[in-house]
Amino acid sequence: MTLEKTINTAEIESRQYKEWEASGAFTGHPEKNTAPYTIMMPPPNVTGSLHMGHALNNTLQDIMIRYNRMRGKDAMWMPGTDHAGIATQMVVERQLDQEGLKRQDMGREAFLKRVWEWKAYSGGTITGQLRRLGSTPDWSREAFTMDANLSKAVVKVFVQLYKDGLLYRDKRLVNWDPKFHSAISDLEVENREVKGHMWHIQYAIEGDKARTITIATTRPETMLGDTAIAVNPEDDRYKDLIGKMAIVPICNRLIPIVADEYADPEHGSGAVKITPAHDFNDFEVGKRHKLPMINIFDENAHLNENVPEEYRGMERFAARKKILKELEELEILVKVDNITHTVPHGDRSGVVIEPYLTDQWYVDAKKMSLPVVDAIKAGKTEFVPKNWEQITFNWVDNLQPWCVSRQLWWGHQIPAWYDEDGKVYVAENEEEAQKQAPGKKLTRDEDVLDTWFSSALWPFSTLGWPEKTPELNKYYPGDLLITGFDIIFFWVLRMMMMGIHFMGDVPFKKVYLHALVLDAKGQKMSKSKGNVIDPLTIIDKFGADALRFTMSASAAQGRDIRMSEERVEGYRNFTTKLWNAARYCEMNDCLPKEGFDPSKVKNVINQWIIGEVLKATKDIEDALAAYKFNEASHAVYQFTWGTFCDWYLEFTKPLLADAPDDVKAEIRGTTGWVLDQILRLLNPFMPYVTEELYANIAKRGKDERLLTSEWPSYPASLINNAAAEEIGWLQRVISQIRSVRSDMNVPASARIDLVVQDASETTKKHISTYEAVLKQMARLNSVSLLTGKAPGRSIKAVVDEATLILPIADLIDLDKERERLNKQIAKLQDDIRKTDEKLANQQFVSNAPAEILEEFRNRKVEAQGLIDKLATALSQLEAA
RNA sequence: GGGCGUUUAGCUCAGUGGUAGAGCGCUUCGUUUACACCGAAGAUGUCGGGAGUUCGACCCUCUCAACGCCCA
C-alpha cells in the first residue's frame, strides 16, 4: 500500500476504531493467569455528553491501559455510566414541563418509564463520544449504576450497613432544596457570595417597657420560628436580661433570653435570634438549651400553619418583604446594613438552600472514614500528587454524617418499610421485611439513595459483587484510579470507605488526581460564560490524536490546564510530521525488515540512533511510572521530531544516495526498525495515526495490530556511548558551520569549502568518514585538512580541539566577522571570570564535592582553550 | 477568617541545590525530490519583592505582595 500524501484523520479514526473494537482486544480475561492491570472508569452521567474534563480524564486512562496492554498485562478498563439522580430527573422534568406535564400528576411508575425512555434514547451518546477519543475500555462489561446486578449490590450494602449500625434514620437539619423537594448532601451545596442586608430588629422585653433588645439577622422571615434570643454570657450590655423573656414581634410569642458563647459580641448587635429549625448553628444552640423547634416552612419553602394566618402559604422571599414592611410600620426595624455574605445554593438547582428539619437516612461517614485514613497512611492507596493526602485527612476531621436519602424518584429506592406506627424495617425485599413485621401493613420508603451511594460501590459492584466472581477475584483491588480532584470527597473516599468495609481491602492502589481544564484565559468553562470548547469540535478539526496528545502533554501534576486551539494545532502538526516521515521511509524502502537485529548493526550512525531509541524508551517508561504524562509526551515528541526526523533521516539521506550497498541496506533496516519503535512508543498517546502507519509500512497478518503489539524492550547494552560521542561531534560541527554561515549571511545556496585546522587523529578520521554527510548538511563544496598557512580572510569556528575554517573571502564582511569573534570571546571571558571567582573562594574549594570542583576547573580550561583559538582567528583576520 | 496552589522568555508552561528550558509567537535566511501543518539560524529572562540557611539558591526556610481555588 502507498500512503496518501495527506492524512485523513476522520476516515482513519472511524475505520480503525471499528476494527479495534471488533478484534476483541479490549476485553479482560479473568480466566487467564496473565497479571491484571485494572482501571475503573469514573462513570460519566448516562445522559451526558463529552466535555474537556472527560477528554483529559479518559485520555490519561487510555494511555495507561494501552501502555500496560502492550507490556503484556491483562489490561481491563471497566467502563460504564452513572444514573445521576438529580441531574437526570431534572432534565426529564424540564422536558415534561415543556409539554405542560408534571411528574406528580403522572405518578411514579409512569415518570420512571419516561426517564428510562430518555436514558435509552440518549444513553449511548457519551459512550459513542468516548469511542471517538480512541478509548479502549472493556465495553463487553459496560455497566450502569441501575443495572439489576448493581442495584442488587446497593440493596445488599444498605441492609448490611444498617445491621452494622453504620446507617441509620435520624431527624436532623438537612440542606433542603426547595426546587427539587429533596435533601442534598453538604457537598452538593455551593456557597455563593451575594449582596444582602443585615436587618436590626428591636424585640420588646416582657414586663419591662423601658428595655428592648435588638437583634441582627439576614433572614428576618425566620423570626416567625424564633424560640430564643442568645447573648454572650460575658457581654455586659445584656447580662441583666439573661433569663428574662422577649416578645417576638408580629406573632407575639414569648421566648427566653439565654446565655450562649455562640453569640459574638463583636458581630451585629451582639444579640442573635435563635431559630433552631432553620439554621445549623441555631440548631446546636437549641439542643444546648433544650429549646422547642418550630418548623415554619413546607417542602416548597412556603410558610406553613405554624405562622400567623396572614403569612400562611406565602413564598419565603415574599414573606420576607411583608415582614419587613410590617416591622417598619411598627417602628422596630432600627437599622439596615448593606453587606456581602455567603448564601448556600443547590449546585444543581441554583436555588437558595433552606436548612430544614426532616427525617433522613444517614451513613456514619466519620466512622467509616477512619480505616480509610489508616489505609492511606499505610501506603495501601497512594495519592498522586501526594499533597492531596493531607488535604483529605483535614477534610475527614470535619466529616458530618452523610445524608444518603433523596426525595426523588429516579434512583435506587430505599429498601425500608414502615408499619402503621411508623416503625421501620430494613430488608432486601418486601417479603423479608414482612417477616420482620408479621401481620403488619407495610409501606415502602418513597425516597431514593444519593447517586454517590451507588457509585461508591463501583469498584466491586461492577465486578459481580456480592457473588464471588472470577472478575472480582482478579480485578479487585484495581491498580489505578484517574479522576479529577474535585470529586475526591464525593467519590474517591466513599469508594474507599465501602471497599474497605465490604471487600476488606482498598479499591485501588494509586489515585492520580488531575486538575481542571480551563479556557485559554484561565477561566472555568461554563455554558453561561459561553467559553466552552467542545472536544468533538476539536477532534473534527485536528483529529483525536492531536487532542489526546494535547491533554497528555499538558498534564503536569498539580496544575490546571489552559486549553487553547494553538496548542492542539501544534500537535496536529506533529501527527502530520510523523505521517510525512513515514512516507519518506516508504519512498526510500526504509521499512521494517524481517529478521533485522539491532544488536548486529555496524554503522555508527545506526548504532547511535538505536541507542537513542532505547534512551527515549526509558525516559517514557520512567515518566509514566511517575504519572508524569507531560514528560512522557515530551520525550516521545522530542525523539521523533528532534532526533529521528531532524538528524537521523538527514544524516542518512546522502548515504542512501552514495554509500556502498551493504551500508545502504543497514540504513534501510535500521530506519525501518526505528520507525517501528516510534509507532509503538507513540501508540498509547496517538493510537490512530500510529495504527494506520503500522498497518501500511509492512505486510500484516489479519489480526496483527499495534493495539496488541509489544512495547519495545531491548537490553541497555544496545546503547553505544562511543557512537553517541561520535555523532555528538558530527552534530556540533554541522551546527557550528550552519551558525556562522547564518551569522555571516552566507546564502544557503552558496556551496563553500571547509578547511580544518589542528585536527586530532580522531577528528581526521571522522572528517573522512562523514565527508558526504558534512557536505550535504552544512552545504559544503569540499572538506579538507589544513596544509600550510591558514588563509587570512575567512570565517572561523571552533569545535573541540579543531578550528573550522571557511575561506570565503568574497562573501564575508570583515567588520562583521571581527564583531562576531569579539562577542564570543567576551562571553567566554565573562564565564571565566565567574569561574575564577568561585575557585578563588577558599570555602568553596574546601567544601564543594570533588566532582563539582573538577567540573569548574574543566570549564575554565575549556573556555580558555576556545578563547585562544578564537583570538588566533581574530589576529589572523587583522593580519590579512 | 482558615487551608491549598500559583508567580520562570511577548504568550502558555516545564524544570533541577552547582553558570536557565520547551512549544507557540517574533526576526533573518531557505522551493537540497518526506513534510511550508516544513527546514536552518537568531533575539528575548536581576526565575514576583525582601530576608535567611548554604561554599553555592530559580530550587530549601521565613516574610511580604498579587492572582486563583476550596472551606468557614
Side-chain angles (χ1 to χ4, degrees), chain A residues 3 5-7 186-187 189-191 280-281 341-342 344 385 387-388 390-391 394-395 398 485-486 488-489 515-516 518 520-524 542-543 546 550 553-567 569-588 590 628 630-631 633-634 637-638 641-642 645-646 649-650 653-654 657 734-751 775-779 827 830-835 837-849 851-853 855-856 859 863:
Chain A
L3 291 171
K5 186 145 198 286
T6 53
I7 178 171
D186 295 344
L187 290 174
V189 174
E190 187 183 307
N191 287 300
F280 288 96
N281 290 311
H341 60 145
T342 52
N387 62 316
W388 287 110
Q390 192 53 49
I391 296 170
N394 294 343
W395 184 76
N398 301 311
F485 70 79
D486 49 328
I488 292 179
F489 308 129
L516 304 174
L518 308 175
K521 289 181 199 144
Q523 294 190 307
K524 272 191 192 172
F542 301 107
T550 306
S554 310
Q557 285 175 15
R559 193 157 181 149
D560 289 336
I561 295 174
R562 291 196 189 188
M563 180 73 200
S564 73
E565 276 205 14
E566 287 74 36
R567 190 105 194 238
E569 197 180 342
Y571 294 123
R572 186 275 316 269
N573 295 353
F574 179 50
T575 64
T576 310
K577 183 75 180 179
L578 176 71
W579 184 263
N580 283 312
R583 280 180 58 233
Y584 165 84
C585 292
E586 185 180 54
M587 289 172 193
N588 289 281
C590 293
K628 296 187 172 176
N630 58 325
E631 289 184 12
S633 313
H634 184 249
Y637 178 99
Q638 188 49 45
W641 199 322
C645 292
D646 287 349
L649 293 182
E650 297 303 326
K653 274 177 187 173
I734 292 166
S735 296
Q736 274 291 336
I737 299 173
R738 283 172 170 175
S739 179
V740 287
R741 283 182 64 127
S742 180
D743 280 355
M744 291 296 104
N745 293 333
V746 177
S749 54
R751 291 269 180 176
K775 276 182 173 170
Q776 174 147 338
M777 291 183 73
R779 315 284 303 150
K827 187 169 184 310
D830 198 44
D831 289 349
I832 286 183
R833 185 183 52 76
K834 282 189 208 150
T835 312
E837 276 172 19
K838 288 282 263 192
L839 291 170
N841 183 340
Q842 198 47 49
Q843 286 182 304
F844 171 70
V845 176
S846 50
N847 285 320
E851 69 262 26
I852 297 293
L853 259 176
E855 198 184 311
F856 273 83
R859 201 180 282 165

Please report the distance separating the [atom1] of [N] from the corresponding atom of [M], rounded so that it comes out in whole Å.
{"N": "B:C58", "M": "B:C47", "atom1": "C1'", "answer": "5 Å"}
{"N": "B:G48", "M": "B:C59", "atom1": "P", "answer": "8 Å"}
{"N": "B:G2", "M": "B:C64", "atom1": "P", "answer": "11 Å"}
{"N": "B:C26", "M": "B:U31", "atom1": "C1'", "answer": "23 Å"}
{"N": "B:A20", "M": "B:C24", "atom1": "P", "answer": "23 Å"}
{"N": "B:C60", "M": "B:U7", "atom1": "P", "answer": "11 Å"}
{"N": "B:G18", "M": "B:A57", "atom1": "P", "answer": "11 Å"}
{"N": "B:A14", "M": "B:U54", "atom1": "P", "answer": "32 Å"}

Check whether [X] reaches the backbone of [Y] with its side chain - one donor and one acceptor, N or O, closer than 3.5 Å.
{"X": "A:Asp560", "Y": "A:Leu516", "answer": "yes"}
{"X": "A:Arg583", "Y": "A:Leu578", "answer": "no"}
{"X": "A:Arg738", "Y": "A:Arg779", "answer": "no"}
{"X": "A:Thr575", "Y": "A:Arg572", "answer": "yes"}
{"X": "A:Arg741", "Y": "A:Ala750", "answer": "yes"}
{"X": "A:Asn841", "Y": "A:Gln843", "answer": "yes"}
{"X": "A:Thr835", "Y": "A:Asp831", "answer": "yes"}

Taking [atom1] from [X] and [atom2] from [N], how many angstroms apart are they, rounded to a whole number?
{"X": "A:Ile488", "N": "B:G3", "atom1": "CD1", "atom2": "C1'", "result": "14 Å"}
{"X": "A:Glu565", "N": "B:G25", "atom1": "CD", "atom2": "P", "result": "14 Å"}
{"X": "A:Leu853", "N": "B:G17", "atom1": "CG", "atom2": "C1'", "result": "16 Å"}
{"X": "A:Arg738", "N": "B:C29", "atom1": "CZ", "atom2": "C1'", "result": "13 Å"}
{"X": "A:Glu631", "N": "B:C13", "atom1": "CD", "atom2": "C1'", "result": "13 Å"}
{"X": "A:Met744", "N": "B:G30", "atom1": "CE", "atom2": "C1'", "result": "18 Å"}
{"X": "A:Leu516", "N": "B:C4", "atom1": "CG", "atom2": "C1'", "result": "14 Å"}
{"X": "A:Lys524", "N": "B:G68", "atom1": "NZ", "atom2": "C1'", "result": "10 Å"}

Identify each atom pair where a protein N or O and an N or O of nucleotides 55-57 of chain B are less than 3.5 Å apart, giving names and distance.
unit_1	atom_1	unit_2	atom_2	d
B:C55	OP1	A:Asn847	ND2	3.4
B:C55	O4'	A:Gln843	O	3.3
B:C55	O4'	A:Asn847	ND2	3.3
B:C55	O2'	A:Asn841	ND2	3.2

Is the distance from OP1 or OP2 of [N] to the nearest side-chain N or O of [X] less than 4.0 Å?
{"X": "A:Arg572", "N": "B:C37", "answer": "no"}
{"X": "A:Asn394", "N": "B:C71", "answer": "no"}
{"X": "A:Trp579", "N": "B:C38", "answer": "no"}
{"X": "A:Arg741", "N": "B:A40", "answer": "no"}

With the side chain counted from C-beta on, respond yes when [X] and [Y] share a heavy-atom pair under 4.5 Å apart, and no when they do not.
{"X": "A:Lys775", "Y": "A:Pro654", "value": "no"}
{"X": "A:Tyr584", "Y": "A:Asn580", "value": "no"}
{"X": "A:Trp395", "Y": "A:Ile488", "value": "no"}
{"X": "A:Pro344", "Y": "A:Glu190", "value": "no"}

What's the shortest heavy-atom distance between [X] and [Y], and which atoms?
{"X": "A:Ala556", "Y": "A:Asn630", "answer": "CB-ND2, 3.5 Å"}
{"X": "A:Asp646", "Y": "A:Met777", "answer": "O-CE, 4.4 Å"}
{"X": "A:Ala581", "Y": "A:Cys645", "answer": "CB-SG, 3.7 Å"}
{"X": "A:Glu586", "Y": "A:Leu3", "answer": "OE1-N, 3.0 Å"}

I'd like a table of atom pairs between the protein and nucleotides 5-7 of chain B - only N or O on both sides, under 3.5 Å - with the distance next to each one.
unit_1	atom_1	unit_2	atom_2	d
B:U6	O3'	A:Arg559	NH1	3.1
B:U7	OP1	A:Arg559	NH1	3.1

N/O-N/O pairs, protein side and nucleotides 21-23 of chain B side, under 3.5 Å:
none

(request) For side-chain contact (heavy atoms from CB on, under 4.5 Å), just list the numbers for A:Phe542 and A:Tyr571, CA-CA rounded to whole Å, side-chain angles, deciding distance to a tenth of an Å, and then say yes or no. (result) CA-CA 9 Å; A:Phe542 301 107; A:Tyr571 294 123; over 6 Å; no

(request) Would you mind classifying the nucleic acid contact of A:Asn191 as base, sugar-phosphate or nothing, using non-hydrogen atoms under 4.0 angstrom? (result)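 Counting heavy atoms under 4.0 Å across all strands, the contact made by A:Asn191 is with sugar-phosphate only.
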
(message) At 4.0 Å (heavy atoms only), tell me whether A:Trp388 reaches a base, stays on the sugar-phosphate, or touches nothing.
(response)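 Nothing, no heavy atom under 4.0 Å.
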
(request) Quick one: stems involving RNA chain B, counted as three or more successive Watson-Crick or G-U pairs, both distances short of 3.5 Å. (result)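 Output for stems: B:1-7 with B:65-71, B:10-13 with B:21-24, B:26-30 with B:38-42, B:48-52 with B:60-64.
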
(request) Given side-chain contact (heavy atoms from CB on, under 4.5 Å), test A:Phe489 with A:Ile391 step by step and report yes or no. (result) CA-CA 10 Å; A:Phe489 308 129; A:Ile391 296 170; 4.2 Å; yes

Distances under 3.5 Å only, N/O to N/O: pair up the protein atoms with those of nucleotides 42-46 of chain B.
unit_1	atom_1	unit_2	atom_2	d
B:G42	OP1	A:Ser739	OG	2.9

Using the 3.5 Å cut-off, write out each protein N or O paired with an N or O of nucleotides 32-36 of chain B and the distance between them.
unit_1	atom_1	unit_2	atom_2	d
B:A34	O2'	A:Asn580	OD1	3.4
B:A34	O2'	A:Arg583	NH1	2.9
B:A34	N7	A:Lys653	NZ	3.1
B:A34	N6	A:Glu650	OE2	3.2
B:A34	N3	A:Asn580	O	3.2
B:A34	N3	A:Ala581	N	3.2
B:C35	O4'	A:Asn580	ND2	3.4
B:C35	O2'	A:Asn580	ND2	3.2
B:C35	O2	A:Lys577	NZ	2.9
B:C35	N3	A:Lys577	NZ	3.0

(message) Judged by each residue's nearest nucleotide on RNA chain B, which is more toward the 5′ side, A:Gly522 or A:Glu566?
(response)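 Counting from the 5' end, the first nearest nucleotide belongs to A:Glu566.
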
(request) Just say parallel, tilted or perpendicular for the rings of A:Phe485 and A:Trp388, cut-offs at 30° and 60°. (result)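 It falls in the parallel class, under 30°.
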
(message) Between A:Asp830 and A:Arg833 (salt bridge meaning N to carboxylate O under 4.0 Å), is one present in this structure?
(response)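 Judged by the 4.0 Å cut-off on N to carboxylate O distance, A:Asp830 and A:Arg833 do form a salt bridge.
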
(request) Assess whether side-chain contact (heavy atoms from CB on, under 4.5 Å) is satisfied between A:Leu853 and A:Leu839, documenting all intermediate values. (result) CA-CA 8 Å; A:Leu853 259 176; A:Leu839 291 170; 3.9 Å; yes

(message) More than 12 heavy atoms of other residues, nucleotides or ligands under 6.0 Å from NZ of A:Lys653: yes or no?
(response)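 Atom NZ in A:Lys653 is packed in, count exceeds 12.
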
